[in-house]
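Within every chain, numbering begins at 1; the chains are lettered A, B, ... in the order of the sequence lines, protein sequences first and strands thereafter.
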Protein chains: 2
Amino acid sequence: MVDHQEATLDTVFQALADSTRRAMLRTLAEDGEKSVSALASPYSMTLAGASKHVKVLEAAGLVRRRVEGRIHYCRLEAARMAEAEAWLRYYERFWTRRLDTLEALLKAEDEQAGEGKRL
Amino acid sequence: MVDHQEATLDTVFQALADSTRRAMLRTLAEDGEKSVSALASPYSMTLAGASKHVKVLEAAGLVRRRVEGRIHYCRLEAARMAEAEAWLRYYERFWTRRLDTLEALLKAEDEQAGEGKRL
DNA sequence: CTGATGATCAACCATATGGTTTATAATATC
DNA sequence: GATATTATAAACCATATGGTTGATCATCAG
């Protein structure tokens, strides 16, 4: 059980340790479903290269694929990030002494990302 | 600036993508300062191997080193995790949506069934 | 000074990673 | 059927990674 979780954290953190893949996840978060070539288009990289990145994300459980004809539609599967975030959250108490700095960071991130999410 | 942040996320996530290094960080969080060999002792690995892991953590800014005589004392530098956690936190809404929905459901049910109910 | 200890460095090895090119499979379109 | 489009697969390449062994350095204890 614990081993499985450790392996999951390995693959998730590994998948996140590449800026192209992180940008792909961000695109999926913003735009919803996208084909592989649509995901690939922003990058100066062959389609085959981008396809491999998508495969890494899929293997990490961060992306789900739905094949329709010759098009592979990808969508974000964010749940897998929960474990990673929980892992990091444990360490929050070690940096929250500088609470102001953190709060500023999160607030900036929040305003940049979540528009009109308030109820 | 953004590039620098991306590079930081690269190295931090990369450093976290190894269970030995994550365990070392946990040890430092629990026990405070530890020497390199003390950090290495739980693992069936040469001291040189463990030393390389410590170096990776140090390069990622997750560990600080204080040399005293021949002993290198390491301590956790958790602040660097804040960016990584902030990055992940953006995606929280994609996995908590189900919880939000559930919560709304329960709240409606609660209001319909029992008045003045405490949360 | 001698020897043991804590740690790094350098060289090496096997495998993984990020990328390419070329080929192939599957599906649209003409 | 012929051809173009979407995507993967396979082979390859350079570099990175996780680990080892052996040498070296610095320091502490006799």
**Message:** Nearest to the side chain of B:His72, heavy atoms from C-beta on, is which of C:dA7, D:dG19, D:dG22?
**Reply:** C:dA7

**Prompt:** In whole Å, what is the span from the NZ atom of B:Lys55 to the P atom of D:dG18?
**Reply:** 13 Å

**Request:** Using atom NZ of B:Lys34 as one end and atom P of C:dA7 as the other, report the distance to the nearest whole Å.
**Result:** 12 Å

**Asked** At under 4.0 Å, does any side-chain N or O of A:Arg70 touch on OP1 or OP2 of D:dA4?
**Response** no

**Message:** How many whole angstroms separate atom CE of A:Met45 from atom P of C:dT20?
**Reply:** 6 Å

**Message:** Measuring from atom CG of A:Asp31 to atom CG of A:Leu76, what distance do you get when rounded to the nearest 0.5 angstrom?
**Reply:** 11.5 Å

**Spacing of A:Leu57 atom CG relative to C:dT17 atom C1', expressed in whole Å** = 14 Å

**Prompt:** With sugar-phosphate meaning primed atoms plus P, OP1 and OP2, does A:Thr20 contact a base, only sugar-phosphate, or nothing at under 4.0 Å between heavy atoms?
**Reply:** nothing

**Request:** Answer yes or no: does a side-chain N or O of A:Ser37 lie under 4.0 Å from OP1 or OP2 of D:dT6?
**Result:** no

**Message:** Is any side-chain heavy atom of A:Leu62 closer than 4.5 Å to one of A:Leu28?
**Reply:** no

**Request:** Side-chain contact test, heavy atoms from C-beta onward, threshold under 4.5 Å: evaluate it for A:Phe13 versus B:Arg21 and give yes or no.
**Result:** no

**Asked** Which whole-number value in Å describes the distance from B:Leu47 CG to C:dT5 P?
**Response** 13 Å

**Message:** On the nucleotide D:dT17, are OP1 or OP2 found under 4.0 Å from the side-chain N or O atoms that B:His53 carries?
**Reply:** no

**Asked** B:Glu68 or B:Ala50: which one's nearest nucleotide on DNA chain D is closer to the 5' end?
**Response** B:Ala50

**Request:** Give one of base, sugar-phosphate or nothing for A:Gly69, where a contact means two heavy atoms less than 4.0 Å apart.
**Result:** sugar-phosphate

**B:Leu25 CG to A:Phe94 CZ distance, which is reported to the nearest 0.5 Å** = 10.5 Å

**Item:** A:Phe13 CZ - D:dT17 P separation (whole Å)
**Value:** 17 Å

**Request:** Indicate whether OP1 or OP2 belonging to D:dA7 is found under 4.0 Å from a side-chain N or O atom of A:Lys52.
**Result:** no

**Complete:** The residue, B:Ile71 or A:Thr46, whose nearest nucleotide of DNA chain C is more 5′ is B:Ile71

**Message:** Could you tell me how far apart B:Gln14 (CD) and C:dA16 (P) are, to the nearest whole angstrom?
**Reply:** 14 Å

**Request:** Write down the distance between CD (A:Glu58) and P (D:dA7), rounded to a whole number of angstrom.
**Result:** 13 Å

**Asked** Do A:Val12 and A:Glu83 have side-chain heavy atoms sitting under 4.5 Å apart?
**Response** no

